[in-house]
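For reference, the structure discussed in these notes is given below.
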Amino acid sequence: MSEELVPDVLPDGTVAALTDGPAVAGLVAAPGHVAHDIEADVVRGILRAEPLGALTEVVVASTDQPRDIEAEVLRGVLRAESFGPLVSAPAKAGGLTTGPALSIAANIAANTAAATPGPPSVVDATALASGPTGTGPLALLLAEVLDGLDRGRADWLGPVPPGGPAAVRDAVVASGFGTLPDRGADPFETVASLGRLLAWGAADPAHPHCAAHLHCPTLAVSVAAETAVAALNQSLDSWDQAPAAGEIEARVVRTLTRAIGYPDSSAGVLTSGGTESNLMGLLLARDEVVRRRFDADPDLDGIPPIAAGRLRVLASDQAHFSVARNSAFLGLGERCVISVASDAEGRMRVGALAEALEAVVARDEIPMAVVGTAGTTDLGALDPLEEIARLAVRHGAWFHADAAYGGGLLLGTETDERLRGLALADSVTLDLHKLGWQPVPAGSFLVKGAASLRTLEKRVAYLNSVDDEQAGYPSLLGRSLRTTRRADAVKIAAAFQALGREGFQRMLDRCRELARYAAGAVRRQPELELTAEPHLTTVLFRYLPSDPRDADRVNGALRRRLLEAGQAVLGRTELARERPGTLPGTVRLKLTLLNPHTTEPQIDALVAAVCAAGGAVSARSGPS
C-alpha cells in the first residue's frame, strides 16, 4: 500500500500515525475522510506500539467499497463474528455490514462515518476463550487487561504498593473484586480494572528493588504460551484431554533427565513446585524401603508395625522446611528428620552425615532417605552431592536431591561441577520458576528409574483403561499425585525453543554477576555486614546499629519500613546459629537476584536505601 492514513489523536494524547504497516489493522479511512470516535484501545491495547507486524494489506479506494481485505484480520482478530463489531452503530455507507466479511479497519471506517453517538459494544461475558469460533473475545480482553497492567504500573512505580497491608486491603475492598454480585459488569471494564489493581498491588518480581524471594520475573514468551494453555484448558490426567500437551511434557521431562545425566530408563512429571516434588521423593523412598526391607505392600497395607517409628530421614540443617513438613504428611512425624550440621558456607558436612547414619543404625532405626540440597534457600549453598550419594548407597537409603533452586544451572551451556552428583540421586526436584524464569508453577520431579513410580499407579476405567493403552494411547495418570493437572510443560517448551541453552546461559551468568556485585556493594558500606560470599544469586547481609544488641530488632524493622513505603522488598531470614567472629544476632536480610535486566546502579540505590532505613530506625529507637 502507498496511501498513508490520517493520524488520529487518542484520548491519552498519543498520536497514532497509521500507515500500511503494523498499525493499519486498527483504522483504515478512505482518502479525504477524517476518522473520528475511533476506539483508542484498538491502537493502544491490541497493537501495543506496533509489536505485531503487518496484520493486513487492506486497500481502501475512494469509493465506499473495500477491496483486497486480508483474511488474517478476520481469522486472527475477528474470528468469525465471535464477538460482534467494535462499534455498536449500524453501518450504512456502501451497504457495508458488521459481519465477518469485513476487516476491523473497514468496519470502523464505515461505521464511524454513519454512526450515531453511542458506547462501543462489549464482549459477552459468557464468550469462550477458544473454540470453533476462534479467539476474538480473548484477543480484545487481553488487550484491555494488558492496558490495565500498564496503567497500574504507572499508578505506582515501586516494587510493592505503599501503605502496607491496610492500604492494599482497602483498595481490594473498594474494587469489589472477590464478591459475587447479582448482575455482572462489562467484561472490558472488569479485566481492565482488575489488571490495574493487580499491577498496582503486586510485589513485582521484575522490579529491581523486589529481591526478597526465589520469585522470578517471567519470560514474555512463556507467558504468551501460558495464555494458550489457559485458553485451551488441557488436563494431563489422560491422553484424550491433552494429546499434544502430553507429548510436549514427555519431551520436556526427557530434556531435563538428560541434563541431569539420567539413563533412558528415567522418568518424571511436572509438579506445582519443590514442596510437591520433595513430598513425592519421600513417598517413593518410604515405599521402596518398606518393600525391600519388609517385603510388604505399602500401597495396600500401609507401614507395617515393625517399621513404624523406625524410619529416618537425614537432611542438612539448611534443607528446605518442606522435608520436615512432608514427613509429617506421610505419617512419619517431623521428629523422624535428623538434622545434619552444615559448614560455614551452608553446605552439609559429609563427616557429620556419616556419623548420623552410623548412629541411626546403632539405634536399630532405618535410614529411609538422605536429602541433599543443590541451592539452599538462604545462602544458595550446594551440598557435596557425590559424597552424600556414596553414603546413602552404603546404608541402603534413598538419595533425594532437592535442586529446586540450583538445578536451573542445568539449562545453560556450561557444566557446573557441583551438580554432577545429581546423576547419582534416585530422585531430583527441579523448579524452573526460580532460575528458569517461568510463571508459577513450573516444578518437576524426576526419577532415575521409571519403575519406582509404581507407588503412584492407579487404574481408573474412565481415564486409563487397559485396552486403550494396548491400542497405543498412553496413560498419564500414574506419574503424579494429582488427577486434573494443567499443561505446565508448554510454557517451558516455548522458552527452551526460543532461548536455547545459550540464551539461558546468558541469563544465568548475568544474575550471578549481579549477586557478586551486590556482595561487593554491601562490603563497601561500613554499616553493613556481608554474611557469606554468594554461591548462586542470593546475598545475605545485615545492618549493624550502634548498639550491637539491637541488631536483630533493627534489621526486622528496617525491612518493614521499606515495605511500608513501597520502596523495596527484601528477604528476611534467621541463621540456624550465630556465626563465630561476628556481632550477636541471627536475623539477616537477603537479596535474591533473579532479574538479569537489573543494573548495577539500581543495586547501589537499593543498598543505599537499606542504609538510610537502618539509620532512620536506629535513630528513632534511641539508646537502649
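Residues: numbered from 1 along the sequence shown.
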- Message: Any non-hydrogen side-chain atom of Thr538 less than 4.5 Å from a side-chain atom of Tyr405?
- Response: yes
- Message: Does Glu502, at its CD atom, have more than 12 non-hydrogen atoms belonging to other residues, nucleotides or ligands within less than 6.0 Å?
- Response: no
- State, without any angle test, whether His400 and Thr429 hold a side-chain donor-acceptor pair at a distance under 3.5 Å. yes
- Message: Between Glu513 and Arg510 (salt bridge meaning N to carboxylate O under 4.0 Å), is one present in this structure?
- Response: yes
- Query: Would you find a donor on one side and an acceptor on the other, under 3.5 Å apart, between the side chain of His395 and the backbone of Ala397?
  - Reply: no
- Minimum heavy-atom separation for Trp398 to Ser427, with atom names? NE1-OG, 2.9 Å
- Query: Distance from Leu382 atom CG to Leu409 atom CG, nearest 0.5 Å?
  - Reply: 7.0 Å
- Item | Flag, side chain of Ser175 to backbone of Val172, donor-acceptor distance under 3.5 Å | yes
- Item | Ion pair check, Arg363 and Glu365, cut-off under 4.0 Å | yes
- Message: Tell me whether Asp488 is salt-bridged to Lys491, with the criterion being a basic N under 4.0 Å from an acidic carboxylate O.
- Response: yes
- Message: Please find the pair of heavy atoms, one from Ala403 and one from Leu430, that lie closest to each other, and give the distance.
- Response: O-CD2, 3.6 Å
- Task: Answer yes or no: are there more than 12 heavy-atom neighbours, outside Arg524 itself, under 6.0 Å from its atom CZ?
- Result: yes
- Query: Is Asp383 reaching over with its side chain to a backbone N or O of Thr373, donor-acceptor style, under 3.5 angstrom?
  - Reply: yes
- Message: Taking the side chain as everything from C-beta on, heavy atoms only, tell me whether Leu435 gets closer than 4.5 Å to Met507.
- Response: no
- Query: When you measure from the side chain of Arg579 to the backbone N and O of Ala344, does any donor-acceptor pair fall under 3.5 Å?
  - Reply: yes
- If only atom types and distance count, is the side chain of Asn595 paired as donor or acceptor with the main-chain N or O of Ala206 below 3.5 Å? yes
- Kindly give the heavy-atom pair with the smallest separation between Ala568 and Leu606, and that separation in Å. CB-CD1, 3.6 Å
- Item | Side chain to side chain, Leu558 and Leu589, heavy atoms closer than 4.5 Å | yes
- Ignoring hydrogens and geometry, is there a side-chain-to-backbone donor-acceptor pair from Trp437 to Phe504 under 3.5 Å? no
- Item | Non-hydrogen side-chain atoms of Thr377 and Thr573 separated by less than 4.5 Å | no
- Task: Before accepting this row, confirm whether a basic side-chain N of the pair Arg325/Glu276 lies closer than 4.0 Å to the acidic partner's carboxylate O.
- Result: no
- Message: Checking Glu226 against Arg486 for the salt bridge (Lys or Arg N to Asp or Glu O under 4.0 Å) test, could you report, in this order, the C-alpha distance in whole Å, the side-chain angles of both residues, the deciding distance, and whether it holds?
- Response: CA-CA 10 Å; Glu226 185 87 319; Arg486 72 194 309 276; 3.2 Å; yes
- Donor-acceptor pair, side chain of His209 and main chain of Val160, under 3.5 angstrom: no
- Message: Would you say Asp431 and His433 are linked by a side-chain donor-acceptor pair, where the criterion is simply a distance under 3.5 Å?
- Response: yes
- Message: To the closest 0.5 Å, what do you measure between CG (Leu593) and CG (Leu514)?
- Response: 6.0 Å
- Item | Non-hydrogen side-chain atoms of Pro304 and Val290 separated by less than 4.5 Å | yes
- Message: Check this for me, if you would: do Arg523 and Glu533 make a salt bridge, where the nitrogen-to-carboxylate-oxygen distance has to be below 4.0 angstrom?
- Response: yes
- Item | Rounded distance [0.5 Å steps], CG in Leu575 versus CG in Leu540 | 6.0 Å
- Provide the closest heavy-atom pair for Leu353 versus Val340 in the form atom of the first, atom of the second, distance. N-CG1, 3.5 Å
- Please round to the nearest 0.5 Å and tell me the distance separating atom CZ of Phe177 and atom CG of Leu194. 4.5 Å
- Task: Report the C-alpha distance between Leu282 and Leu332 in whole Å, list the side-chain angles of each, state the deciding distance to 0.1 Å, and finish with yes or no for side chain to side chain contact (heavy atoms under 4.5 Å, CB included).
- Result: CA-CA 10 Å; Leu282 294 179; Leu332 306 174; 5.9 Å; no
- Check salt bridge (Lys or Arg N to Asp or Glu O under 4.0 Å) between Arg588 and all other residues, then give those that pass, not counting sequence neighbours. Glu529
- Note on the structure: All heavy atoms of Ala515 vs all of Thr537, minimum pair found to be CB-CA, 3.7 Å
- For side chain to side chain contact (heavy atoms under 4.5 Å, CB included), just list the numbers for Leu284 and Phe445, CA-CA rounded to whole Å, side-chain angles, deciding distance to a tenth of an Å, and then say yes or no. CA-CA 11 Å; Leu284 299 193; Phe445 175 69; 3.7 Å; yes
- Query: Got Arg485 and Glu249 here, is their nearest side-chain heavy-atom distance under 4.5 Å?
  - Reply: yes
- Are Arg549 and Pro584 close enough that some pair of their side-chain heavy atoms sits under 4.5 Å apart? no
- Between CG of Leu283 and OG of Ser327, what distance do you get to the nearest 0.5 Å? 11.5 Å
- Item | Gln602 side chain to Thr598 backbone, donor-acceptor under 3.5 Å | no
- Query: Is it true that the side chains of Ser342 and Ser316 contain a donor and an acceptor less than 3.5 Å apart?
  - Reply: no
- Task: Test Val269 against Leu453 for side chain to side chain contact (heavy atoms under 4.5 Å, CB included), laying out the working first.
- Result: CA-CA 10 Å; Val269 69; Leu453 291 173; over 6 Å; no
- Task: Given side chain to side chain contact (heavy atoms under 4.5 Å, CB included), test Trp156 with Asp204 step by step and report yes or no.
- Result: CA-CA 11 Å; Trp156 177 251; Asp204 183 5; over 6 Å; no
- Note on the structure: Rounded to the nearest 0.5 angstrom, the CD1-CZ distance for Ile388 and Arg349 is 12.5 Å
- Message: Check this for me: does any side-chain nitrogen of one of Arg561 and Glu564 sit under 4.0 Å from a carboxylate oxygen of the other?
- Response: no
- Between His535 (side chain) and Gly380 (backbone), is there a donor-acceptor pair under 3.5 Å? no
- Are Arg347 and Glu387 within salt-bridge range, i.e. N to O under 4.0 Å? no
- Message: How close do Leu456 and Ser480 get, counting heavy atoms only, and between which atoms?
- Response: CD1-N, 4.0 Å
- Message: Looking at Asn555, is its backbone amide N or carbonyl O close enough to the side chain of Arg542 to form a donor-acceptor pair, meaning the two atoms are under 3.5 Å apart?
- Response: no
- Is there a side-chain contact between Leu219 and Leu499, using heavy atoms and a 4.5 Å cut-off? yes
